[in-house]
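Working notes, structure below.
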Amino acid sequence: MFYLAYIKSYSDKIPYFRTIAKNLWVIGCKFTLKLKSFIRSVDLEKVYWVNPKKIKYSFMQGSSCFSLYPIYTGKLFIKDWDLTQNLMKFEERNSYKAYYQRFIEGREWKETEFYQAVLNMMENGMFKWGCSSEKEFLERCKELNKLYEDIKENGFKTQKMLGKGRILKHKGIRELEDEIQIAINRNGNLIFYDGNNRLAIAKILDLDKIPFKIIHRHEKWMDFRKEIYQYIKKEMGGRVLEPLLHPDFSDIPSVWGNERFEIIKQNLTIDSGHLLDMGAHWGYFCHKFEEIGFNCTAIEDSPKNFYFLRKLKRAGNMNFKVIDQLIYDFKDNLHFDIVLILNLPHYLFEKKERHDRFVKLLRKIKTSEIYLQIDPPLEMKEGSTHGNFIREDIINSVIKNANLKNVDCIGEIKGSKIFKLYC
């Protein structure tokens, strides 16, 4: 507020005053940043990595709902800053359209609508991106060309990686000084705040991942974040079953890594289609397979697992279908190109009733490929009324009842084998 009320009006007109004011402001705010990181038990200076496609929305251009420096203050101006009316798709920003016109359509900067709009603002006395004339703005555009070529040739680097040897320097390109900045809304979605040039270039180049900082988290997301950390600590021994793909949970260790996904992906006979994950847990495989083009359905009959599955699906902006009924009671469309059975064998083979109902479900499913994982040694819990099953018994049962013919062992991780069952 102090900056907006007493400094910004002068700094937009006087370049040197802007530089001095900004430096003094940053010195004072850095201490606040450290203090707030300690109080909130989150590192506001931590650098995360994410696929730029995950950043779908931006604050509305010209919106006054947020502070100019939330990375330092940690506060946004209005309570409902993350509601739809305050947001827009990033690709609809005028600046992104200018990048698209320049680097995809091949236009010159002067031919873009954005360039003309900025010139009009400067003609009305506004000071934009360190520029007050068309000559200065044209120089800035040349630097943006260099920024694009640098990222295209050398990849996307953090500011720490760039260090003091930065090639690109221009008083108007603030993005060369700071990481891309993101806010997290109440549902866990990543909302773009600052660093427009580099995010636009990353999207244009279709990069796999980019670094960013989280400058603000909605209170409701902070509540869920606390809930999931506490549950993992108390109920799961501090480790989740599979990696959590939301960047805000990237530091949580997991029992399984990405190896199972990679093994299955390499053995698929199709690169798109309908996939069923039986016993999806928190949705890891549906997240991963949707990202590469599959239409996925997740079935999870544990109420607690389903709760986290649904929340994490929404946080990741995913579209896969989630089913919370008992897996053997599933009566929806049972035609799937791929079926995953990776977390269920022990549970389904402990009791005869469960086994019989699982077999009944398998007979209804129409599929050409099943991926099955069996943990060794397969020993039933004490009190099992169905006896012990050996690995071959389970494989033969699935093959027979799913009307498949062949089986290959396609990989082994931590002593646990993964099988491909197919026609």
Working to the nearest 0.5 angstrom, can you tell me the gap between [X] [atom1] and [Y] [atom2]?
X	Y	atom1	atom2	value
L421	K405	CG	NZ	14.0 Å
T269	K420	OG1	NZ	5.0 Å
E179	I215	CD	CD1	13.0 Å
T112	R107	OG1	CZ	8.0 Å

Quiz item: Can a donor-acceptor pair be found between the side chains of Y115 and E134 at a distance below 3.5 Å?
Solution: yes
Quiz prompt | Short side-chain donor-acceptor distance under 3.5 Å, W221 and D248 | solution = yes
Closer than 4.0 angstrom, basic N to acidic O: yes or no for [X] and [Y]?
X	Y	result
E242	R260	yes
E291	K54	yes
K146	E149	no
K110	E108	no
D206	K53	yes
E113	K97	no

Quiz item: Taking the six-membered ring for Trp, are W81 and F59 parallel (under 30°), tilted (30 to 60°) or perpendicular (over 60°)?
Solution: tilted
Quiz item: Under 30°, 30 to 60°, or over 60°: which ring-plane class applies to Y231 and W282, parallel, tilted or perpendicular?
Solution: tilted
Has [X] got a side-chain atom pairing as donor or acceptor with [Y]'s backbone, closer than 3.5 angstrom?
X	Y	value
E290	F320	yes
K366	L334	no
D277	A298	no
Y371	N267	yes
K213	K46	no
S250	P247	yes
H274	F294	no
N406	C423	yes
N189	R314	yes
N86	D82	no

Quiz item: Do L361 and M278 pass the side chain to side chain contact (heavy atoms under 4.5 Å, CB included) test, and can you show the C-alpha distance, the side-chain angles, and the key distance before you say yes or no?
Solution: CA-CA 11 Å; L361 174 63; M278 299 171 63; 3.7 Å; yes
For [X], I'd like to know if atom [atom1] has over 12 heavy atoms of other residues, nucleotides or ligands within 6.0 Å.
X	atom1	result
D408	CG	yes
F103	CZ	yes
D208	CG	no
E105	CD	yes

Of the non-hydrogen atoms in [X] and [Y], which two are nearest, and what is the gap between them?
X	Y	answer
I413	E259	CD1-CB, 3.4 Å
G279	E300	C-OE1, 3.6 Å
I338	T367	N-OG1, 3.9 Å
F336	V339	CB-CG2, 4.1 Å
P211	I180	O-CB, 3.9 Å
P52	L199	CB-CD1, 4.0 Å

Quiz item: Between Y57 and F90, is the gap from one ring center to the other below 6.0 Å?
Solution: no
Quiz item: Is the gap between the ring centers of W109 and F137 under 6.0 Å?
Solution: no
Side chains of [X] and [Y]: closer than 4.5 Å at any heavy-atom pair?
X	Y	result
I210	I55	yes
I264	L342	yes
L372	I394	yes
F358	I341	yes
C409	K417	yes
L268	F289	yes
E235	Q230	no
N258	Y284	yes

Identify whether NZ of Lys or CZ of Arg in [X] sits under 6.0 Å from the centre of the six-membered ring of [Y] and within 45° of that ring's axis.
X	Y	value
K288	F261	yes
K311	F308	no
K304	Y307	yes

Self-check item: Working for salt bridge (charged side-chain N to carboxylate O under 4.0 Å, His left out), residues E139 and K142
Solution: CA-CA 5 Å; E139 287 299 316; K142 292 180 180 179; 3.5 Å; yes
Quiz item: Could you go step by step and tell me if R102 and Y99 meet the side chain to side chain contact (heavy atoms under 4.5 Å, CB included) rule?
Solution: CA-CA 5 Å; R102 174 69 185 92; Y99 271 97; 5.7 Å; no
Practice problem: Go through S58 and R93 one step at a time and tell me if the side chain to side chain donor-acceptor pair (under 3.5 Å) criterion holds. | Solution: CA-CA 8 Å; S58 161; R93 293 173 63 91; 2.8 Å; yes
